[in-house]
*Asks:* 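Could you have a look at this structure, given as structure tokens, before my questions?
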Amino acid sequence: QRKAIPNSDTVVKVNLRLCLDSILIANLTYQKITTLKNTAFDQSNEEHVYLLNSLWSNLFPDKRRKSNDIICDDWTEIGFQNRNPVTDLRGMGILSLVFLHNFTKNYNSQSRSLLLESLNPQRYFPFSAVGLNLASFIMDLLNETRLDTIIYDTNIPSVSVSVSSG
């Protein structure tokens, strides 16, 4: 037999509402992230191309790419594995590009310093490839529910992810 929460117990109702809202927000966020992961980079999608070009300009605000084509040697300078950065995005879809773009935009000085560090011959690591692997690692943690305590923490600000998938 189910018992209703008494109308006088507003604290329980408010807390229950907060919990349910947190679960809803977490599920919607997970759906958005999964959609981005399953969305392939589309050369005809202006938003996708913008994210890729912004990645370059975030890291090199005073340096233009040698070519406006997506496929060019410039991308290897920031740690993509070859001339076509799109091939590196296959495993994580557009999510990995969103991840790299947001990192270089929101933590610009840190990302530029990290890029310089990645080019040091004694510590070389491919900046973009490492970023893509971190995005994959975070997705694995999310799928394993190992980030739930962070996701359900109501004290952290919400993050808006708005990239069209088509």
Side-chain angles (χ1 to χ4, degrees), residues 1-61 78-80 85-118 125-166:
Q1 174 171 325
R2 294 171 36 183
K3 290 187 176 181
I5 299 172
N7 285 336
S8 60
D9 202 347
T10 56
V11 171
V12 171
K13 287 183 177 183
V14 167
N15 285 332
L16 179 61
R17 175 46 89 217
L18 285 172
C19 289
L20 292 174
D21 286 347
S22 292
I23 291 169
L24 176 64
I25 290 168
N27 285 331
L28 291 173
T29 301
Y30 181 78
Q31 286 175 359
K32 279 185 177 182
I33 289 170
T34 302
T35 298
L36 290 172
K37 179 188 178 289
N38 295 329
T39 301
F41 181 90
D42 180 0
Q43 237 173 262
S44 65
N45 184 316
E46 290 179 15
E47 203 168 356
H48 292 188
V49 174
Y50 168 79
L51 286 171
L52 187 60
N53 288 329
S54 292
L55 177 60
W56 178 271
S57 60
N58 289 343
L59 292 168
F60 296 115
I78 61 172
F80 283 101
V86 177
T87 59
D88 288 4
L89 304 176
R90 288 181 296 198
M92 290 293 294
I94 198 73
L95 176 64
S96 55
L97 183 56
V98 169
F99 179 87
L100 277 173
H101 173 266
N102 286 340
F103 175 64
T104 60
K105 178 182 175 192
N106 297 324
Y107 300 94
N108 187 260
S109 63
Q110 296 92 331
S111 62
R112 290 171 62 192
S113 294
L114 193 58
L115 176 63
L116 285 175
E117 190 69 25
S118 77
F125 57 91
F127 176 85
S128 293
V130 168
L132 301 178
N133 283 318
L134 284 173
S136 178
F137 176 65
I138 291 169
M139 192 67 193
D140 289 344
L141 292 175
L142 189 62
N143 286 331
E144 295 168 6
T145 67
R146 295 173 72 185
L147 297 178
D148 283 2
T149 55
I150 295 169
I151 292 170
Y152 291 113
D153 182 353
T154 57
N155 294 320
I156 56 174
S158 63
V159 175
S160 173
V161 177
S162 63
V163 173
S164 62
S165 58

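Here, residue 1 is the first one in the sequence, and each next residue gets the next number. What's counted below: heavy atoms across the whole structure, side chains too, no hydrogens, waters or symmetry copies.
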*Asks:* Quick one: pull up CG in Leu100 and CG in Asn58 and give me the separation to the nearest 0.5 Å.
*Replies:* 10.5 Å

*Asks:* Just to verify, what does Phe125 make a ring pair (Phe, Tyr, Trp, His ring centres under 6.0 Å) with, not counting sequence neighbours?
*Replies:* none

*Asks:* Can you list the residues that meet the ring pair (Phe, Tyr, Trp, His ring centres under 6.0 Å) rule with Phe41, with sequence neighbours excluded?
*Replies:* His48

*Asks:* From Asn133 CG over to Met92 CE, what is the distance, rounded to the nearest 0.5 angstrom?
*Replies:* 9.5 Å

*Asks:* Looking at Thr39, Ile33, Asn38, which hits side chain to side chain contact (heavy atoms under 4.5 Å, CB included) with Thr35?
*Replies:* Thr39

*Asks:* What is the distance from atom CD1 of Ile94 to atom CG of Leu51, rounded to the nearest 0.5 Å?
*Replies:* 5.5 Å

*Asks:* For the residue pair Pro126 and Gly79, what are the closest heavy atoms and their distance?
*Replies:* CB-O, 3.5 Å

*Asks:* Considering all heavy atoms of both residues, which atom of Ser96 and which atom of Ala135 are nearest to each other, and what is their separation?
*Replies:* CA-CB, 4.2 Å

*Asks:* To the nearest 0.5 angstrom, please state how far the CG atom of Leu116 sits from the CZ atom of Phe127.
*Replies:* 10.0 Å

*Asks:* For the side chain of Ser118 and the backbone of Leu115, is there at least one donor-acceptor N/O pair under 3.5 Å apart?
*Replies:* yes

*Asks:* Can you tell me how far apart OG (Ser136) and CG (Leu141) are? Round to the nearest 0.5 Å.
*Replies:* 9.5 Å

*Asks:* Looking only at non-hydrogen atoms, find the nearest pair between Asp42 and Val49 and report the distance.
*Replies:* O-CG2, 4.4 Å

*Asks:* For Arg90, check salt bridge (charged side-chain N to carboxylate O under 4.0 Å, His left out) against everything at least two apart and list the hits.
*Replies:* none

